[in-house]
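Residue numbers start from 1 in every chain, and the chains themselves are labelled A, B, ... in the order their sequence lines are given, proteins ahead of strands.
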Amino acid sequence: MRMSRYIIVGILFGITLYKSEAISWFRIYEMFHFQSFHMYGIILSAIAIGIIVVQFIKKVHLKSLEGKEITIQDKDTNWKRYIFGGFIFGLGWALAGICPGPMFILLGSGYTVLIVFLLAAMTGTFLYGYFRGKLPH
Amino acid sequence: MTPEWILEFIEFISQPWPWWVAGPMIALIMFILLFFGKEFGMSANFRVMCAADGAGDLADFFKFDWKSQGWNLLVALGAVFGGYLAARHFTPVDGNIAHVSAATVESLQELGFNFEEGHVPLIPEFYDWKALFTMRGLLVIVVGGFLVGFGARYAGGCTSGHAISGMSALQLGSMYAVVGFFAGGLFMTHVIFPLIFG
């Protein structure tokens with residue numbers, strides 16, 4: 001029961017991205033052509049409200065459900081891993097029209113071939129983990 | 001019989017959702033997870049799945065307490081259910097259409113897609129097992145998946161972890177990552193697509 005709340009959050013996430021067409025290859029294509037505000041609207045409004053939410057959490061020292069103060073870890077600021085890794089991710093995102101969240105959502109909508117995408121993504125993740133010491137960070 | 005108001009509600013949410021509904025919903029999801037003491041980030045699941053399959057024996061990166069990340073796998077499982085519900089039960093009247101702009105329809109035609117305005121499908125036909133036997137399908141699904149998995153972990157997060165969670169917390173690193181995402185996406189769309197699809 002305690003864990004089922006995460007499944008409910010996931011369902012909400014899945015329906016939201018599906019119904020807003022953010023899971024569509026054609027919407028991603030449109031976004032990278034700057035031909036519609038739609039995807040930018042989704043991302044920018046989520047960030048704008050997200051910033052307010054995070055500031056609010058910090059201001060009132062909001063406690064989580066378990067009673068601990070909510071903290072958000074600062075990420076390290078050396079740009080290399082973000083730019084190099086981000087660029088590689090962006091290539092795949094535009095090519096497949098899929099980022100990790102939508103992959104799970106589309107699997108549920110019946111596109112079973114995306115199991116191959118999942119295995120390829122796990123292979124990519126594994127090779128990153130394996131060669132991590134040799135990559136600039 | 002299903003009560004009238006439930007049918008009306010299903011019909012209401014079956015319409016395509018505008019950005020100003022989806023964006024705030026995503027922020028709400030991020031907030032709920034923070035309130036549960038967790039951080040929103042979908043690509044971390046790939047690392048958890050590798051670790052659960054025993055990758056820790058081969059690389060230290062996968063030696064961590066992956067069982068403590070079970071909650072994130074449940075979010076992913078929920079997303080699978082959500083995709084099922086949306087696709088099967090919340091179909092809009094005009095079918096599963098991507099309501100892209102006229103300009104997009106035109107550039108898709110230039111790329112070789114024979115779509116008329118108002119008839120662009122939500123999902124491309126190359127998300128199909130048969131497509132794995134074509135060069136394009138193989139590139140999209142296998143190479144695309146590999147780049148997404150490798151890049152997301154190298155960057156330390158994907159669209160949810162960096163673009164949403166990280167940017168909301170005003171993290172400089174996440175801003176760099178988003179610049180990287182868009183640089184990569186623009187390069188793929190404008191430089192490589194004409195070579196693949198042309």
Side-chain angles (χ1 to χ4, degrees), chain A residues 6-7 10-11 13-16 18-21 24-26 30 32 35-36 38 41-42 45-47 49-51 53-54 64 70 72 75 77 79 82-83 85-92 94-96 99-101 104-105 108-109 111 113 116-117 120-122 124-126 128-130 132, chain B residues 17 19 22-23 25-27 29 31 37 42-43 46 50 59 61 71 74-76 78-84 86-87 98 100-101 103-104 120 122 124 127 129 140-142 144-155 158-159 167-169 171-173 176-177 180-181 184-185 188-189:
Chain A
Y6 295 111
I7 299 184
I11 292 175
F13 178 58
I15 294 176
T16 301
Y18 195 96
K19 290 310 301 175
S20 62
E21 303 175 357
S24 175
W25 191 93
F26 301 106
E30 181 183 55
F32 285 126
Q35 286 163 334
S36 166
H38 185 77
I42 294 177
S45 63
I47 295 172
I49 296 172
I51 290 172
V53 164
V54 171
S64 73
I70 298 172
I72 298 163
K75 297 181 199 304
T77 52
W79 59 274
Y82 302 115
I83 295 287
F87 188 84
I88 294 168
F89 176 85
L91 290 174
L95 177 59
C99 49
F104 292 108
I105 299 166
S109 339
Y111 298 92
V113 70
V116 178
F117 182 95
M122 284 170 67
T125 300
F126 175 75
Y128 165 73
Y130 196 81
R132 168 160 210 264
Chain B
W17 292 13
W19 62 262
M25 279 291 287
I26 293 168
I29 287 160
F31 171 73
M42 295 304 291
S43 65
F46 298 146
C50 284
F61 183 62
W71 66 270
L74 291 178
V75 177
V80 172
F81 290 149
Y84 172 81
V100 292
S101 67
T104 304
V120 177
L122 190 61
Y127 289 175
W129 287 99
V140 166
I141 292 170
V142 179
F146 181 86
L147 293 170
V148 164
F150 188 93
R153 211 66 272 124
Y154 191 174
C158 62
T159 333
M167 292 288 278
S168 292
Q171 295 292 314
L172 188 62
Y176 293 140
F181 295 166
M188 175 57 71
T189 307

Flag the one option from [options] with the top tally of heavy-atom pairs under 4.5 Å to chain B.
options                              : answer
A:Ile51, A:Thr77, A:Val54            : A:Ile51
A:Gly129, A:Gly14, A:Gly124, A:Ser36 : A:Gly124
A:Ile42, A:Ile49, A:Val116           : A:Ile42
A:Arg132, A:Glu21, A:Lys19           : A:Lys19
A:Gly101, A:Ser20, A:Cys99           : A:Ser20
A:Ala96, A:Ala121, A:Gly92           : A:Ala121

Could you have a look at [options] and say which one has the most heavy-atom pairs with chain A under 4.5 angstrom?
options                              : answer
B:Thr159, B:Leu122, B:Ile29          : B:Leu122
B:Gly173, B:Ala103, B:Cys158         : B:Gly173
B:Gly23, B:Ser168, B:Gly149          : B:Ser168
B:Ala177, B:Ser43, B:Ala169, B:Gly37 : B:Ala177
B:Ile26, B:Thr104, B:Leu147          : B:Thr104
B:Ala27, B:Ala86, B:Gly185           : B:Gly185

For the student: nearest non-hydrogen atoms of B:Tyr127 and B:Val140, plus distance: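 So the two residues come closest at CE2-CG1, 4.1 Å.
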Note, [X] side chain near [Y] side chain (heavy atom, < 4.5 Å):
X        : Y        : answer
A:Phe104 : B:Met42  : yes
B:Met188 : A:Phe32  : no
B:Tyr84  : A:Ile105 : no
B:Val148 : A:Pro100 : yes

Heavy-atom contact with chain A under 4.5 Å, split by part of B:Val120: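 The answer is the side chain of B:Val120.
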Relative to chain B, which segment of A:Ile15 carries a heavy atom at a distance below 4.5 Å: side chain, backbone, both, or neither?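 Contact with chain B is through both the backbone and side chain of A:Ile15.
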Going by distance alone, is a donor N or O of one side chain under 3.5 Å from an acceptor N or O of the other, for B:Ser101 and A:Gln35?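 Absent: no donor and acceptor within the cut-off.
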Please work out which of the three classes, parallel, tilted or perpendicular, describes the rings of B:Phe150 and A:Tyr128, given edges at 30° and 60°.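 Perpendicular.
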OG on A:Ser45 to CE on B:Met25, rounded to 0.5 Å: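 The distance works out to 12.0 Å.
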Let's go through B:Tyr176 and A:Trp79 carefully: what are the C-alpha distance in whole Å and the side-chain angles of both, what is the deciding distance for ring-ring contact (aromatic ring centres under 6.0 Å, His included) to 0.1 Å, and is it a yes or a no? CA-CA 6 Å; B:Tyr176 293 140; A:Trp79 59 274; 7.4 Å; no
